[in-house]
Novice: 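Encoded as structure tokens, here's the structure I'll be asking about.
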Number of protein chains: 2
Amino acid sequence: MDASSKKKRTRGKLSREMIENAAFEVIEREGLSGFSMRKLAAALGCEAMSIYHHFPSQAHLYEALVDRLIGRLKMPDPDLPWRERMRIAVLDYRRIGREHPAFATYFLSYRMNSPTCLAYINGIVGLFNDGGFNQEMAARLFRAIGYYLGGALLDETAGYAKGPSAVTTVSSEQLERDFPNIAAAGRFFSTAEFDKTFDLGLEMLLDEMERIRDGTRTANAKSDNLREK
Amino acid sequence: MDASSKKKRTRGKLSREMIENAAFEVIEREGLSGFSMRKLAAALGCEAMSIYHHFPSQAHLYEALVDRLIGRLKMPDPDLPWRERMRIAVLDYRRIGREHPAFATYFLSYRMNSPTCLAYINGIVGLFNDGGFNQEMAARLFRAIGYYLGGALLDETAGYAKGPSAVTTVSSEQLERDFPNIAAAGRFFSTAEFDKTFDLGLEMLLDEMERIRDGTRTANAKSDNLREK
DNA sequence: GCTTGACAACTTACACTGTAAGGTTCATTT
DNA sequence: AAATGAACCTTACAGTGTAAGTTGTCAAGC
């Protein structure tokens, strides 16, 4: 018989960390929708259900992945100028998203509630408080900058740089002819332009935040009340 | 036998429009991940495979849904002041996302390439051109505003307002004690505050765009070159 | 050395998914 | 009346997450 020669069961082989590492790899290789517990198991050289001994569900595993990414983020040095601290915090977050483009899709719509993530968010909100804003403005600016950051990451990781998702596509000749504005703008939409575009928007928001803090934002703010309804 | 009494086959019942309408309903009722061709068929009173006669795949169906949402958007009146045109365009897009919160998740990472969607994008890029920016700046600002808009929609439709996605959550007592900044900011994170927060960020970006156009953005822009690396 | 217990990993099974392939029904045209 | 072809249904397959039950392996106590 000697059935043991066929399957080399190395006991205690698996661990949470090993599984997490493999999960990151499989997700990036197969894409988030192509990821499955069975493929993860194959990468680990075990059966799918063995993973459930370490993570009670796929959701728990995903949560651990988010925690690991967020948990490694450090708050920027408080001795730096505030604007620089804010910039670093934003770019740090963007970096971990860019490092895991396939996982970012999940990451970005994940509503963080683990202690690790809450500690991070608490620190970032504190950074806005340090900027000299009152609680309301700190809260709203936190959200507004987060919108920009999240939207940029979504586009940079899942956007046009990955090619069209449409089933029916348009030839570049037709694009040039029928949609000239897009054709003209297209060259600034490439992956190589991501940093420059992101920085432009980020600096715009940083400028405005400093204007709000310094009370020098009187120019066009009046039009805020022009909204219908 | 009289098998016809059991199943009332009403021929020509289905149509692309009917299927699309039902799809929007089922998606919003079941959530995007809870949506399936079989559930859609059940809502339509037909079998799953009947849908494939009208849409060759689920992806084609989704694409049609995106096209329908985008296709109904009109460019703002060109006679309005430019800032107002831009504001309306942004809010229109946000509105259709908010009207289909469950579908928005798909919508936001969908890379539009259908003629309908390209026509829309072409119009919006043209709106930036009308603002008096050169091609490069128009392209980058289009993207930057899109980042803000997309991130906001993602958060408003899939974010914290839907409750935590984490499997392990933290009690409100612990939140108050360990994460005071979040607790303090929390009241401005509610659904009721969405409009006000969105408007703040939008007006910030509109302000900055006008500064860029008018060349009055000299204040802090110098720090743009402080980036490491 | 032997037994026991606990735990880690595996096996099986179920209800679900999208959709390929092919069969059936029926309104319309000839 | 016969034929056509669109519209719809049935069946089947390979994939999914995971509940439930089983087996293999190692360490401790006798």
Side-chain angles (χ1 to χ4, degrees), chain A residues 1-23 26-27 29-65 102-103 105-106 110 165-167, chain B residues 1-23 26-27 29-65 102-103 105-106 110 165-167:
Chain A
M1 280 60 177
D2 194 15
S4 67
S5 69
K6 201 150 203 175
K7 43 191 67 182
K8 43 180 72 176
R9 305 232 312 210
T10 42
R11 207 104 292 235
K13 192 180 50 177
L14 264 47
S15 70
R16 283 178 65 101
E17 192 181 354
M18 277 186 55
I19 295 171
E20 290 168 15
N21 288 338
V26 175
I27 287 172
R29 190 177 65 225
E30 306 282 336
L32 191 63
S33 66
F35 175 82
S36 78
M37 299 304 267
R38 286 174 173 85
K39 284 181 191 167
L40 174 57
L44 286 162
C46 71
E47 294 300 316
M49 292 311 290
S50 305
I51 298 163
Y52 283 80
H53 189 79
H54 302 267
F55 296 95
S57 77
Q58 197 181 58
H60 283 80
L61 172 58
Y62 281 162
E63 180 174 321
L65 298 185
F103 187 60
T105 307
Y106 179 81
Y110 176 80
S165 22
V167 194
Chain B
M1 279 62 176
D2 193 15
S4 67
S5 70
K6 201 151 200 173
K7 43 192 67 183
K8 44 180 70 174
R9 303 232 311 210
T10 42
R11 211 116 275 252
K13 194 180 48 175
L14 262 50
S15 70
R16 283 178 66 99
E17 193 182 354
M18 277 188 55
I19 295 172
E20 289 169 16
N21 288 339
V26 175
I27 287 171
R29 189 177 66 225
E30 306 282 337
L32 190 63
S33 66
F35 175 82
S36 78
M37 300 303 267
R38 286 175 174 85
K39 285 181 190 167
L40 174 57
L44 286 162
C46 71
E47 295 301 316
M49 291 311 291
S50 306
I51 298 163
Y52 284 80
H53 188 78
H54 302 267
F55 295 95
S57 77
Q58 197 181 56
H60 283 81
L61 171 58
Y62 282 161
E63 180 174 320
L65 298 185
F103 188 60
T105 306
Y106 178 82
Y110 176 80
S165 23
V167 194

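All chains are named by letter (A, B, ...) in the order of the sequence lines, taking the proteins before the strands, and each is independently numbered beginning at 1. Below, all heavy atoms of this structure are taken into account, side chains as well, without hydrogens, waters or symmetry copies.
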Novice: Which residues in residues 38-45 of chain A have a heavy atom closer than 4.0 Å to any atom of DNA chain D?
Specialist: R38(A), K39(A)
Novice: Can you tell me the distance, in whole Å, between the CD atom of E47(A) and the C1' atom of dT23(D)?
Specialist: 13 Å
Novice: CD1 of I27(B) versus C1' of dT17(C): gap in Å, rounded?
Specialist: 15 Å
Novice: Less than 3.5 Å apart, which donor and acceptor atoms pair up between the side chains of residues 35-45 of chain A and the rest of the protein, not counting sequence neighbours?
Specialist:
{"from": "S36(A)", "atom 1": "OG", "to": "R38(A)", "atom 2": "N", "distance (Å)": "3.4"}
{"from": "S36(A)", "atom 1": "OG", "to": "K39(A)", "atom 2": "N", "distance (Å)": "3.1"}
{"from": "K39(A)", "atom 1": "NZ", "to": "G34(A)", "atom 2": "O", "distance (Å)": "2.7"}

Novice: Given dA9(C), dA7(D), dC9(D), which nucleotide is nearest the side-chain atoms of L14(A)?
Specialist: dA9(C)
Novice: Atom CZ of R16(B) and atom C1' of dA7(D): how far apart are they, to the nearest Å?
Specialist: 15 Å
Novice: Is there a side-chain polar atom (N or O) of H53(B) under 4.0 Å from OP1 or OP2 of dC8(D)?
Specialist: no
Novice: Between dG17(D), dT19(C), dC8(D), which nucleotide gets closest to the side-chain atoms of M37(A)?
Specialist: dG17(D)
Novice: Could you tell me the separation between the CZ atom of F55(B) and the P atom of dG18(C), rounded to a whole number of Å?
Specialist: 15 Å
Novice: Scan for salt bridge (Lys or Arg N to Asp or Glu O under 4.0 Å) pairs involving residues 42-62 of chain A, sequence neighbours excluded, and state none if there are none.
Specialist: none
Novice: For Y52(A) and dC14(C), what is the distance between atoms OH and P respectively, to the nearest whole Å?
Specialist: 18 Å
Novice: My understanding is that only residues two or more places apart in sequence, or in another chain, count here; which of them pass ring pair (Phe, Tyr, Trp, His ring centres under 6.0 Å) with Y110(A)?
Specialist: Y106(A)
Novice: Taking only the side-chain nitrogens and oxygens of S36(B), find out if one of them lies under 4.0 Å from OP1 or OP2 of dT17(C).
Specialist: yes
Novice: Using the side-chain heavy atoms of Q58(B), tell me which of these nucleotides is nearest: dG18(C), dA20(C), dT16(D).
Specialist: dG18(C)
Novice: Under 3.5 Å, side chain of R16(B) to main-chain N/O of H54(B), donor-acceptor pair present?
Specialist: yes
Novice: Kindly point out which of dC8(D), dT10(D), dA9(C) is positioned nearest to the side chain of M49(B)?
Specialist: dT10(D)
Novice: Among residues two or more places apart or on two chains, list those pairs meeting side chain to side chain donor-acceptor pair (under 3.5 Å) that have a residue in residues 55-64 of chain A.
Specialist: S57(A)-H60(A), E63(A)-T168(B)
Novice: Does dA9(C) have its OP1 or OP2 closer than 4.0 Å to a side-chain nitrogen or oxygen of H54(A)?
Specialist: yes
Novice: Would L14(B) and H53(B) satisfy side-chain contact (heavy atoms from CB on, under 4.5 Å), going step by step from the backbone distance to the final call?
Specialist: CA-CA 9 Å; L14(B) 262 50; H53(B) 188 78; over 6 Å; no
Novice: Among all residues two or more places apart in sequence or in another chain, which pass the ring pair (Phe, Tyr, Trp, His ring centres under 6.0 Å) test with Y52(A)?
Specialist: none
